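Both backbone and side-chain heavy atoms feed into the values below; hydrogens, waters and symmetry mates do not. Since the model is a prediction, treat every value here as computed from it, not as a measurement.
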Amino acid sequence: MANSNKFALYMSLRSPFARRVRLALTHAGIDYEEKIEDVFNPTAEFIAANPLGLVPTLVGPDGLVVSDSAMILEWIQARTGTVFPRGGLEWPVRQASVLCGGVITSVVLYFQEEHMHANPSTYWMGEHMSALTAALREIETLNRDLLINSGEAGPRALTQAGWDLATALEYMSLRLPRYRWSTLHPNFNAVMSIARADAKFAATVPPALPA
């Protein structure tokens, strides 16, 4: 299933949940190979690893299987301690990460309602948009230190919450381009500027949608 010497990450190129894991694995120095999946037509190999057919799923050379991006982040944290800071900022950063993950979820749900239903529900689209905007407003009120590590450089310049926010914002740009987050939430531009200077972040930009 996986290369004998590497972890395998089953993922789709546009999945923001897979992207946050790809970044965390790379920043932690964990060697892995990417297994690209079509979640609407999954391979038997992938389903054998995760019967739910959900990405991302991490499979270890010893047969370890960890599914769900939050659980994979916890596994990386337990293995390397690189995901969340130790000490007083740990739980505030974790909570900020949850908020950013909630933004991603709301964008996914909005997009699915708008584009994957014969008769999209304006009610549910409104609910998802309300959750999205509420989460972004809350993130704007957070202490800057929960998103940006002052004085650090490279991948450590952002906390996991900062990486999650950058991932969420670029996914919004892909799936919900009419939401002008850079204008509505200008404070987020500092996070995005740091993220875009990172080679791995640049390498994991989701493919553009077909015209």
Side-chain angles (χ1 to χ4, degrees), residues 8-27 32-43 46 50 53-58 67-70 72-73 97 99-122 124-126 128-133 135-136 139 147 154-155 157-158 160-211:
L9 183 69
Y10 293 86
M11 49 165 278
S12 69
L13 291 173
R14 291 196 181 103
S15 168
F17 295 109
R19 191 183 192 190
R20 72 197 293 236
V21 166
R22 293 160 76 190
L23 292 168
L25 286 168
T26 300
H27 295 155
Y32 73 99
E33 60 179 328
E34 296 179 349
K35 299 271 193 174
I36 309 303
E37 288 287 334
D38 177 355
V39 294
F40 298 106
N41 186 28
T43 63
F46 175 44
N50 182 357
L54 299 175
V55 294
T57 293
L58 184 69
S67 299
D68 184 82
S69 64
I72 297 173
L73 291 180
S97 179
L99 283 171
C100 296
V103 171
I104 295 174
T105 298
S106 294
V107 176
V108 169
L109 292 175
Y110 187 98
F111 178 82
Q112 289 177 340
E113 185 64 43
E114 185 177 31
H115 295 280
M116 297 184 180
H117 292 270
N119 296 297
S121 167
T122 55
W124 284 114
M125 289 170 64
H128 301 321
M129 182 57 71
S130 293
L132 165 66
T133 54
L136 289 174
I139 294 166
L147 301 173
L158 293 183
Q160 183 59 44
W163 286 113
D164 291 341
L165 177 59
T167 298
L169 295 175
E170 280 213 337
Y171 189 67
M172 287 177 63
S173 295
L174 176 72
R175 297 299 198 188
L176 198 58
R178 62 182 176 274
Y179 190 98
R180 304 294 183 180
W181 64 262
S182 62
T183 300
L184 295 170
H185 308 284
N187 291 343
F188 295 161
N189 286 305
V191 170
M192 188 57 74
S193 178
I194 294 171
R196 287 176 172 158
D198 181 76
K200 185 59 178 179
F201 189 79
T204 56
V205 172
L209 295 172

Does a side-chain heavy-atom distance below 4.5 Å link [X] with [Y]?
{"X": "Glu37", "Y": "Ser12", "result": "no"}
{"X": "Pro155", "Y": "Asp198", "result": "yes"}
{"X": "Leu176", "Y": "Leu132", "result": "yes"}
{"X": "Tyr179", "Y": "Leu184", "result": "yes"}
{"X": "Pro56", "Y": "Tyr10", "result": "no"}
{"X": "Val55", "Y": "Phe46", "result": "yes"}
{"X": "Leu9", "Y": "Arg22", "result": "yes"}
{"X": "Leu147", "Y": "Ile139", "result": "yes"}

Using only heavy-atom distances, determine whether the side chains of [X] and [Y] contain a donor-acceptor pair under 3.5 Å.
{"X": "Ser69", "Y": "Arg19", "result": "no"}
{"X": "Glu113", "Y": "Ser121", "result": "no"}
{"X": "Asn189", "Y": "Ser182", "result": "no"}

Dump the intermediate steps for side chain to side chain contact (heavy atoms under 4.5 Å, CB included) on Val191 and Arg196, then the final yes or no.
-> CA-CA 9 Å; Val191 170; Arg196 287 176 172 158; over 6 Å; no

First locate atom [atom1] of [X], then atom [atom2] of [Y], and finally report the distance between them rounded to the nearest 0.5 Å.
{"X": "Asp164", "Y": "Leu99", "atom1": "CG", "atom2": "CG", "value": "10.5 Å"}
{"X": "Asn187", "Y": "Met192", "atom1": "CG", "atom2": "CE", "value": "13.5 Å"}
{"X": "Leu136", "Y": "Trp181", "atom1": "CG", "atom2": "CH2", "value": "10.5 Å"}

Taking all non-hydrogen atoms of both residues into account, name the closest pair between [X] and [Y] and its distance.
{"X": "Lys200", "Y": "Thr26", "answer": "CE-OG1, 3.3 Å"}
{"X": "Ala135", "Y": "Val103", "answer": "CB-CG2, 3.7 Å"}
{"X": "Ala131", "Y": "Ser106", "answer": "CB-OG, 3.6 Å"}
{"X": "Ser67", "Y": "Ile72", "answer": "C-CG1, 4.4 Å"}
{"X": "Pro207", "Y": "Leu174", "answer": "O-CD1, 3.5 Å"}
{"X": "Thr183", "Y": "Pro186", "answer": "O-CD, 3.4 Å"}

Tell me whether the centres of the aromatic rings in His117 and Trp124 are closer together than 6.0 Å.
->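 No.
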
What residues, two or more places apart in sequence or in another chain, satisfy side chain to side chain contact (heavy atoms under 4.5 Å, CB included) together with [X]?
{"X": "Pro16", "value": "Ile104, Thr167, Tyr171"}
{"X": "Glu114", "value": "Tyr110, Met125, Arg178"}
{"X": "Phe111", "value": "His115, Met116, Arg175"}

Evaluate side chain to side chain contact (heavy atoms under 4.5 Å, CB included) for Arg20 paired with Ser97, printing each intermediate quantity in order.
-> CA-CA 11 Å; Arg20 72 197 293 236; Ser97 179; 3.3 Å; yes

Output yes when a side-chain donor or acceptor of Thr133 lies under 3.5 Å from a complementary backbone atom of Met129, and no otherwise.
->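 Yes, the answer is positive, given that a donor and an acceptor are paired below the 3.5 Å cut-off.
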
Thr204 side chain vs Phe201 backbone, donor-acceptor pair below 3.5 Å |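 Judged by distance alone, yes, a pair lies under 3.5 Å.
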
For the pair His27 and Trp163, name the ring-plane relationship: parallel under 30°, tilted 30 to 60°, perpendicular over 60°.
->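 Ring orientation of His27 relative to Trp163: tilted.
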
Could you go step by step and tell me if Leu25 and Leu58 meet the side chain to side chain contact (heavy atoms under 4.5 Å, CB included) rule?
-> CA-CA 10 Å; Leu25 286 168; Leu58 184 69; 4.2 Å; yes

Kindly indicate, with the supporting measurements, whether the criterion side chain to side chain contact (heavy atoms under 4.5 Å, CB included) is fulfilled by Leu54 and Asp68.
-> CA-CA 8 Å; Leu54 299 175; Asp68 184 82; over 6 Å; no

